Amino acid sequence: MIEHTVISDTDPAVGHEYHSEKRKAANVILVPFLNSIPAWLRWPIQKTHRAAHIFIKDAMTYRALEVAYTHGEKYPSRNAFERFFYSIWFETANVLAVRNRLRLVKRELRKSLTDALKRNKNARLLSIAAGSSRAVIEAVVETGNAKNKNLSLVFLDKDRTALEYSKILVKEFEIECPVEWTDATLGTYLTNSKGTNMFDIVEMVGLLDYFNDDRAVEIFNKIYDVLNAGGVYITGNIIAHAEKPLLSRFAGWKVIYREPETFLSLLTKSNFGKHTILVYVEPHRIHAIGVAERGNA
């Protein structure tokens with residue numbers, strides 16, 4: 001049976017991050033205050049913490065996401081002043097939600113990797129706008145496939161520095177399965193791949209936030225064409241939320257917000273609509289993850 005559904009994900013096994021009751025109470029005052037900060041204060045606020053400097057200066061890049069994913073571990077707080085501001089900037093719902101998104105993507109990747117390797121002797125995974133490739137790399141390790149020569153990975157990104165960082169993580173996590181890094185645009189790569197360069201899993205999380213509706217459906221169809229029968233497409237979209245002004249106007253993240261139902265409707269308008277599509281919404285209702293099956297028909 002074909003299923004098109006939006007699911008509020010509270011699966012305890014995922015390990016979602018939530019605000020404490022104390023932070024929830026503080027947010028009644030704190031969120032409107034943060035949303036009101038003028039953009040011209042961006043520079044002095046970068047000085048409050050080294051991790052905040054990276055997050056703001058390199059907004060919309062893998063560097064900013066890596067700071068959020070890793071709790072800014074490369075830039076530990078050096079004094080009480082920095083600890084205070086770390087608790088302000090890096091315990092916002094935006095930051096907790098992006099880590100929840102990472103967890104959801106990894107869960108779906110683990111499922112898809114396991115299923116693909118059961119179906120076929122060999123499996124191929126394409127990560128589009130791969131950035132650091134952290135979700136894929138960690139999912140490969142967590143499924144015990146770091147040394148599996150029957151699994152091949154392709155990381156696609158037009159940012160060469162992102163691909164170079166991905167290479168560092170592949171080495172750090174001791175990934176020994178075949179890995180290919182490709183510096184190319186999404187459209188060119190998918191057009192050239194159709195019929196000749198096929199995949200069992202395609203992951204594209206973070207890029208859809210920058211496509212209008214028509215372009216999104218067009219890309220979905222191109223991805224459908226490079227998936228093998230039984231393949232899975234994992235993608236995502238950001239949702240409008242209470243901290244939107246802080247993220248977009250102040251931090252400089254210019255994205256297209258979509259409600260989960262709108263996100264689902266775009267996926268159903270594509271060729272994926274002939275098959276099952278599930279959209280998972282993390283607890284802060286800031287990120288939605290779509291999982292669309294290619295199906296065997």
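On a predicted model such as this, the values are computed, not experimentally measured, just so you know. Every heavy atom of this structure was used, including side-chain atoms; hydrogens, water molecules and symmetry mates were not.
Side chains of His16 and Thr10: a donor-acceptor N/O pair is absent below 3.5 angstrom, by distance only. At a cut-off of 3.5 Å, with distance as the only test, no side-chain donor of Thr276 or Glu3 sits close to an acceptor on the other residue. Side chains of Tyr69 and Arg101: a donor-acceptor N/O pair is present below 3.5 angstrom, by distance only. No side-chain N or O of Arg124 forms a donor-acceptor pair with one of Asn228 less than 3.5 Å apart.
Distance alone, capped at 3.5 Å, is enough to place a donor-acceptor pair between the Asp157 side chain and the Gly131 backbone. A distance-only check finds no donor-acceptor pair linking the side chain of Thr182 to the backbone of Ala184 [under 3.5 Å].
Environment of NZ in Lys158: sparse, with no more than 12 heavy atoms of neighbouring residues, nucleotides or ligands closer than 6.0 Å. The neighbour count for Phe81 CZ, taken as heavy atoms of other residues, nucleotides or ligands under 6.0 Å away, is above 12. Other residues, nucleotides and ligands place more than 12 heavy atoms under 6.0 Å from the CD atom of Glu172. In Lys149, the NZ atom is crowded: over 12 heavy atoms of neighbouring residues, nucleotides or ligands sit closer than 6.0 Å.
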- Query: Would Leu109 and Leu125 satisfy side-chain contact (heavy atoms from CB on, under 4.5 Å), going step by step from the backbone distance to the final call?
  - Reply: CA-CA 10 Å; Leu109 283 169; Leu125 184 154; 3.9 Å; yes
- Ile88/Leu30 under side-chain contact (heavy atoms from CB on, under 4.5 Å): CA gap, chis, key distance, verdict: CA-CA 9 Å; Ile88 297 296; Leu30 185 59; 4.3 Å; yes
- Message: Checking Lys111 against Glu108 for the salt bridge (charged side-chain N to carboxylate O under 4.0 Å, His left out) test, could you report, in this order, the C-alpha distance in whole Å, the side-chain angles of both residues, the deciding distance, and whether it holds?
- Response: CA-CA 5 Å; Lys111 289 180 187 176; Glu108 297 308 314; 3.4 Å; yes
- Checking side-chain contact (heavy atoms from CB on, under 4.5 Å) for the pair Val14/Tyr280: CA distance, chi angles, key distance, verdict? CA-CA 12 Å; Val14 174; Tyr280 298 96; over 6 Å; no
- Task: Please assess Glu164 against Trp181 for the test side-chain contact (heavy atoms from CB on, under 4.5 Å), listing each intermediate value before the final yes or no.
- Result: CA-CA 9 Å; Glu164 290 302 317; Trp181 288 270; over 6 Å; no
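With values rounded to the nearest 0.5 angstrom, Asn94 atom CG is found 9.0 Å from Ser248 atom OG. Taken from CD1 in Ile238 to CG in Asp209, the straight-line distance is 5.5 Å, to the nearest 0.5 Å. Put simply, CG on Asn120 and CG on Leu151 are 11.5 Å apart, with the number rounded to the nearest 0.5 Å.
Taking every heavy atom of both residues into account, Arg285 and Pro260 meet most closely at NH2-CD, 3.6 Å. Of all non-hydrogen atoms in Ala93 and His284, the two that sit nearest each other are CB-ND1, 3.9 Å. Here the closest heavy-atom approach between residue Ile286 and residue Ala97 is recorded as CB-CB, 3.7 Å. Scanning all heavy atoms of the two residues, the minimum distance from Pro245 to Ala242 falls at CD-O, 3.8 Å.
Aromatic ring orientation, Tyr189 versus Phe199: tilted (interplanar angle from 30° to 60°). The aromatic rings of Phe272 and Tyr224 stand perpendicular to each other, their planes meeting at an angle above 60°, with 30° marking the opposite boundary.
For the pair Ile223 and Ile128, the minimum side-chain heavy-atom distance is below 4.5 Å.
A salt bridge links Arg107 and Asp9; the closest N-O separation between the charged side-chain nitrogens and carboxylate oxygens is under 4.0 Å. Ion pair Arg103/Glu282 not flagged as a salt bridge, since none of the NZ, NE, NH1 or NH2 atoms sits closer than 4.0 Å to an Asp/Glu carboxylate oxygen. Under the 4.0 Å criterion applied to side-chain N and carboxylate O atoms, Glu218 and Lys269 are not assigned as salt-bridge partners. By the 4.0 Å N-to-carboxylate-O rule, Lys24 lies close enough to Glu21 to be salt-bridged with it.
Ring centroid separation for the pair His49 and Phe85 does not come in under the 6.0 Å cut-off.
Connection of Met204 to Val232 is not established within any shared hydrophobic cluster, with ILVMFWY side chains joined at heavy-atom distances below 4.5 Å, either directly or through further cluster members. Taken together through direct or relayed side-chain contacts under 4.5 Å among Ile, Leu, Val, Met, Phe, Trp and Tyr, Val279 and Ile2 form parts of separate hydrophobic clusters. Criterion: ILVMFWY side-chain heavy atoms under 4.5 Å apart, direct or through other members. Under it, Val255 and Val95 are part of a common hydrophobic cluster. Taking hydrophobic clusters as Ile, Leu, Val, Met, Phe, Trp and Tyr residues chained together by side-chain heavy-atom distances below 4.5 Å, Ile201 does not share a cluster with Tyr233. Residues Leu264 and Ile256 do not share a hydrophobic cluster, clusters being chains of Ile/Leu/Val/Met/Phe/Trp/Tyr side chains in contact below 4.5 Å.
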